[in-house]
Amino acid sequence: MAGVTSVSGAAAGVVSAIETAAARTGVGFEYLLKAAERESAFNPNAEAKTSSAAGLFQFIEQTWLDTVKRFGPAHGLGEAAAQIERAASGRYAIADPVARQQILDMRFDPDKASLMAGEMTREAKLRLEEELGRPVDEGDLYAAHFLGVNGARKMIEAADQTPNTSAAELFPAAAKANKRIFYDNGRPRSAEEVLALLKAPHQDGAAPRPAPAETPSNSEAGAAGRPIHHSPRPWASPIVLTPTVMAALQALDKSWIELSSDKDDA
């Protein structure tokens, strides 16, 4: 892989997993790479101390089960997806505790985690653009990864309409798990400040460019009218590893910085 020869084997494996996921889901490679750096410092075994978030992209348990249930079959995870059931409450569960743990442990597999992150990003882009009525950028998509799509929309709208509102008041669970994001030496940051903080590392790049999915018919629409998954399309843009990303990869053994959330998607 061009540009990765000086990176350790473990790091190169992570980069390869992200590259494959970008190609298979149609989501920008650089975006996924930056998201993995921010979430886990490229450590596939990272686990959060303040939530159930785990793995390269810090999926919390419910988000992982939801994503595998809906997108897993397209990536060879059909057996796992079939074991995941959605209760009337909307929560996902697996009857067999051994199978449940095995499926949750897939978050520590860079290949599977990257593919699910790609699918989640593709869907987030489509949903956010529809709900906001405008194109979204990488920063908007990272906010969706961090807070969930509904949470990102809520934060974006608050930052635009009531910018001085306390972000911690809007997202108490996320604020409790991520005090360094929501507070500045004890001072609650505003919605405008938190959104800017989430978006800043992504402002030097273009938004991921997943190819548009076909418009589903009513019978094809998933829960809440979300578009169903269609066959992945290749991401054709050239891969460029920026100096910042290369430095992060070469420092793979650094202690990862916790940046996880309960992704308040309410």
Side-chain angles (χ1 to χ4, degrees), residues 1 4 7-22 25 27-68 71 75 101 103-122 124 138-139 141-148 151-152 173-174 176-182 194 197-202 205 208 239 241-264:
M1 187 186 310
V4 192
V7 182
S8 71
V14 167
V15 173
S16 178
I18 294 173
E19 181 184 18
T20 298
T25 64
V27 171
F29 170 76
E30 285 256 357
Y31 169 78
L32 288 178
L33 200 64
K34 289 177 185 176
E37 178 187 0
R38 296 186 72 182
E39 289 291 317
S40 66
F42 304 111
N43 178 3
N45 298 313
E47 296 185 76
K49 298 176 182 177
T50 54
S51 75
S52 65
L56 195 62
F57 289 92
Q58 291 292 280
F59 279 93
I60 63 169
E61 291 182 358
Q62 282 295 303
T63 301
W64 179 254
L65 295 178
D66 170 54
T67 307
V68 172
F71 299 116
H75 300 287
Q101 193 58 54
I103 292 171
L104 289 175
D105 285 349
M106 289 178 182
R107 293 176 294 172
F108 300 114
D109 182 319
D111 296 296
K112 294 179 177 65
S114 297
L115 285 166
M116 294 302 99
E119 291 291 7
M120 190 172 71
T121 301
R122 173 199 277 275
E138 285 191 1
L141 288 176
Y142 184 75
H145 180 88
F146 188 76
L147 293 167
K176 182 178 179 180
N178 300 276
K179 292 183 179 178
R180 285 175 291 182
I181 300 297
F182 284 83
V194 170
L197 196 60
L198 293 176
K199 290 169 65 85
H202 294 276
I239 292 171
L241 295 183
T242 65
T244 299
V245 172
M246 284 301 300
L249 287 171
Q250 290 165 344
L252 186 66
D253 60 350
K254 69 182 179 182
S255 297
W256 71 285
I257 300 174
E258 182 179 312
L259 186 59
S260 61
S261 168
D262 281 328
K263 298 177 177 62
D264 187 351

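Index from 1, following the sequence.
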- Task: State which residues pass side chain to side chain donor-acceptor pair (under 3.5 Å) with D109; sequence neighbours excluded, sorted by chain then number.
- Result: K112
- Which value, rounded to the nearest 0.5 Å, describes the distance between N178 atom CG and R180 atom CZ? 8.5 Å
- Message: Within this structure, what is the OG-CD distance for the pair S51 and Q58, rounded to the nearest 0.5 Å?
- Response: 7.0 Å
- Item | Closest approach of A22 to V27 (non-hydrogen atoms, all atoms of both residues) | CB-O, 3.1 Å
- Item | Parallel, tilted or perpendicular: ring planes of Y142 versus H145, cut at 30 and 60 degrees | parallel
- Task: Measure the spacing between CZ of R107 and OG1 of T67 and express it to the nearest 0.5 Å.
- Result: 11.0 Å
- Task: Give, for atom CD of E39 and atom CZ of F57, the distance between the pair rounded to the nearest 0.5 Å.
- Result: 8.5 Å
- Query: Between M116 and V68, is any pair of side-chain heavy atoms under 4.5 Å apart?
  - Reply: yes
- I would like to know whether L198 and I181 meet side chain to side chain contact (heavy atoms under 4.5 Å, CB included); could you show each step before the answer? CA-CA 8 Å; L198 293 176; I181 300 297; 4.2 Å; yes
- Message: When you compare the side chain of E47 with that of F108, does any pair of heavy atoms fall below 4.5 Å?
- Response: yes
- Task: Compare every heavy atom of A174 with every heavy atom of L147, then report the nearest pair and how far apart it is.
- Result: CD2-CB, 4.0 Å
- Are side-chain heavy atoms of L32 and S114 found at a separation under 4.5 Å? no
- Item | H202-R38 side chain donor-acceptor pair, cut-off 3.5 Å | yes
- How about T25 and T121: do any of their side-chain heavy atoms sit closer than 4.5 Å? no
- Take the angle between the ring planes of F59 and W64 and call it parallel below 30°, perpendicular above 60°, tilted in between. perpendicular
- Message: Quick one, I103 and L65 - any side-chain contact, counting heavy atoms below 4.5 Å?
- Response: yes
- Query: Between CG of L104 and CD of Q62, what distance do you get to the nearest 0.5 Å?
  - Reply: 9.0 Å
- Item | Any donor-acceptor pair under 3.5 Å from S40 side chain to A46 backbone | no
- Straight-line distance of L141 CG to M120 CE, nearest 0.5 Å: 10.0 Å
